[in-house]
Protein chains: 2
Amino acid sequence: MRAQPQVTTPHIQCEDCPILHRAVCAKCETDELQELDALKYYRTVPAGHTVVWSGDEMDFVASIVSGIATLTQTMEDGRTQMVGLLLPSDFVGRPGRSEAAFDVTATTDVTLCCFRKKTFEEMMMRTPRIGQRLLEMTLDELDAAREWMLLLGRKTAREKIATLLAIIVRRDASLRLMGKDGPLEFDLPLTREAMADYLGLTLETVSRQISALRKSGVIELKGKRHITIPDLDRLLEETGDDADGGMFA
Amino acid sequence: MRAQPQVTTPHIQCEDCPILHRAVCAKCETDELQELDALKYYRTVPAGHTVVWSGDEMDFVASIVSGIATLTQTMEDGRTQMVGLLLPSDFVGRPGRSEAAFDVTATTDVTLCCFRKKTFEEMMMRTPRIGQRLLEMTLDELDAAREWMLLLGRKTAREKIATLLAIIVRRDASLRLMGKDGPLEFDLPLTREAMADYLGLTLETVSRQISALRKSGVIELKGKRHITIPDLDRLLEETGDDADGGMFA
DNA sequence: CTTCCTACTTGATCCGGATCAAGGTCCGAA
DNA sequence: TTCGGACCTTGATCCGGATCAAGTAGGAAG
């Protein structure tokens with residue numbers, strides 16, 4: 001199958017399908033973009049369902065178009081640790097590996113833009129830029145994972161919660177292209193339990209610390225999920241991170 | 001397991017310089033190997049000294065030839081978390097990034113095989129295979145970082161120590177190409193404090209748990225650093241990991 | 001409306017690992 | 001040889017977060 005060049009502006013597919021945007025569009029190589037575009041297919045996974053289990057054969061790679069998924073690891077006795085939070089535009093899968101290393105679970109309804117792994121690998125061979133972008137993205141993920149190691153190993157429960165909220169605000173704000181002024185607000189995309197699994201805490205501790213931050217006036221909440229940040233700097237102070245190095249630099 | 005291509009000559013450089021071995025030699029492209037080989041230079045860093053500070057301009061990439069280095073992150077109040085342990089053949093640096101994201105410190109005397117970053121990036125452009133190998137290596141590191149997140153977030157102190165010992169045994173054994181039979185022994189390459197920073201513990205807890213493992217007969221120690229593992233399976237049971245999935249699969 | 005269920009909150013208690021403190025051991029320098 | 005310092009061990013106590021337990025809020029189905 002071949003692409004029908006029925007495109008006026010190459011960016012339409014980019015908007016449509018983040019994987020193309022992030023892996024290819026750095027220099028917007030239109031021809032390759034169209035070739036790849038023709039091979040994509042979509043897949044939706046309902047909230048709560050698992051996309052792949054750790055150890056499963058995984059014959060595709062994908063990028064999140066909408067919704068939220070998690071990467072988790074579980075020990076035999078049930079202890080669970082989330083090792084990644086996948087938001088729209090994030091990449092799933094490993095060119096060069098056939099087995100999934102972690103469980104991927106949809107937290108909300110998720111739409112994936114997929115490519116058969118083999119197809120994608122061939123594309124990578126022919127288009128070095130894709131591999132380079134993927135390397136860049138992977139290096140970023142590695143940095144993020146290492147930042148998270150500091151959080152898991154050394155931060156207090158309160159700092160962990162504040163850091164998570166700060167990260168969600170930032171990702172949220174960057175998606176909505178908002179400035180830092182005005183009261184920031186958003187809905188928590190995770191249950192207390194999912195937050196606990198991400199932060200290496202129990203759900204009770206998460207609940208208590210959120211209440212504590214509310215009582216201190218660092219955050220306000222309407223209902224159980226809707227959070228308002230009256231003063232971002234106030235929240236950032238609670239994260240334990242360097243004032244404006246690191247996360248928001 | 002990966003097949004080792006049996007070639008007579010070009011491997012001399014490989015032995016010499018792990019970065020060539022790991023980044024280029026998967027298919028042993030001799031010409032490129034020699035071209036790259038001509039551009040390398042060596043650098044040695046004495047034990048205890050810092051190779052680069054987080055945030056520093058870093059105009060080279062390197063691979064560890066000998067010795068042990070650590071990747072660490074420190075909060076303003078001094079809390080420290082090691083986020084990576086760099087052993088011979090590991091890669092240091094980020095093509096495409098100019099600033100170091102973490103502190104790199106030599107734990108023992110370290111010899112690095114370096115390339116100017118620009119040189120290496122040009123080489124990557126011309127030789128897609130290098131980028132592909134680097135992507136593969138980075139994905140492996142990402143998996144390792146995520147495994148470590150489970151350790152930091154969910155494992156007990158005893159499990160953490162056992163896991164660290166198991167990892168050291170494995171890396172050590174693979175370097176020496178030993179089988180799993182006979183008593184395994186090695187010298188700890190880290191101080192109690194460095195282990196604590198790696199595991200998200202205090203040095204006192206590390207010391208106590210090592211004593212506890214000794215009293216249980218899981219390990220034996222001569223002096224403070226030399227460890228013997230009388231029964232590897234015994235140690236593996238203590239790690240909390242799946243019997244023979246995961247780490248030793 | 002009631003019922004049920006899931007997600008969440010809050011309280012009481014417990015415990016693993018942190019913290020504080022006091023040695024011990026080994027090694028290199030004077 | 002003694003001294004000082006880095007590294008390690010062990011004991012006593014403390015505390016943050018886990019665990020156990022009870023109850024609340026709110027949405028969906030009947």
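Keep in mind it's a predicted model, so treat the numbers as computed, not measured. Residue numbers start from 1 in every chain, and the chains themselves are labelled A, B, ... in the order their sequence lines are given, proteins ahead of strands. Side-chain atoms are counted along with the backbone in the values below, which use heavy atoms only and exclude waters and symmetry mates.
Lys155(A) places a side-chain N or O within 3.5 Å of a backbone atom of Thr239(A) that can act as its donor or acceptor partner.
Residue contacts shown for Gly200(B) are limited to sugar-phosphate atoms, with no base heavy atom under 4.0 Å away. Using a 4.0 Å heavy-atom criterion, one finds that Ile210(B) contacts no nucleic acid atom at all. Within 4.0 Å (heavy atoms only), Thr191(B) reaches sugar-phosphate atoms of the nucleic acid but no base atom. Residue-level contact check: Thr202(A) touches the bases, meaning some heavy atom is under 4.0 Å from a base atom.
One atom, CG of Leu203(A), and another, P of dT10(C), lie 13 Å apart when rounded to the nearest Å. Atom CZ of Arg225(B) and atom C1' of dC27(C) are 13 Å apart (whole Å). Remark: P of dA7(C) and CG of Leu188(A) are 14 Å apart, rounded to the nearest angstrom.
For dT10(C), the OP1/OP2 oxygens have a side-chain nitrogen or oxygen of Ser211(A) closer than 4.0 Å.
In this structure, the separation between CG on Leu213(A) and CG on Leu235(A) is 7.5 Å, given to the nearest 0.5 Å. Distance CG/Asp241(A) to CG/Leu236(A): 8.0 Å, rounded to 0.5 Å.
Between Gly223(B) and Arg154(B), the residue anchored nearer the 5' end of DNA chain D, judged by the nucleotide with its closest heavy atom, is Gly223(B).
Looking at Glu141(A) and Arg146(B), a side-chain N of the basic residue comes within less than 4.0 Å of a carboxylate O on the acidic one, giving a salt bridge.
With a cutoff of under 4.0 Å to any heavy atom of chain B, the contacted region of DNA chain D is bounded 5' to 3' by dC8(D) to dA12(D).
When all heavy atoms of Pro189(A) and Thr107(A) are compared, the pair lying nearest together is O-CG2, 3.4 Å.
Residue Arg97(B) qualifies as enclosed at atom CZ: its count of foreign heavy atoms under 6.0 Å is above 12.
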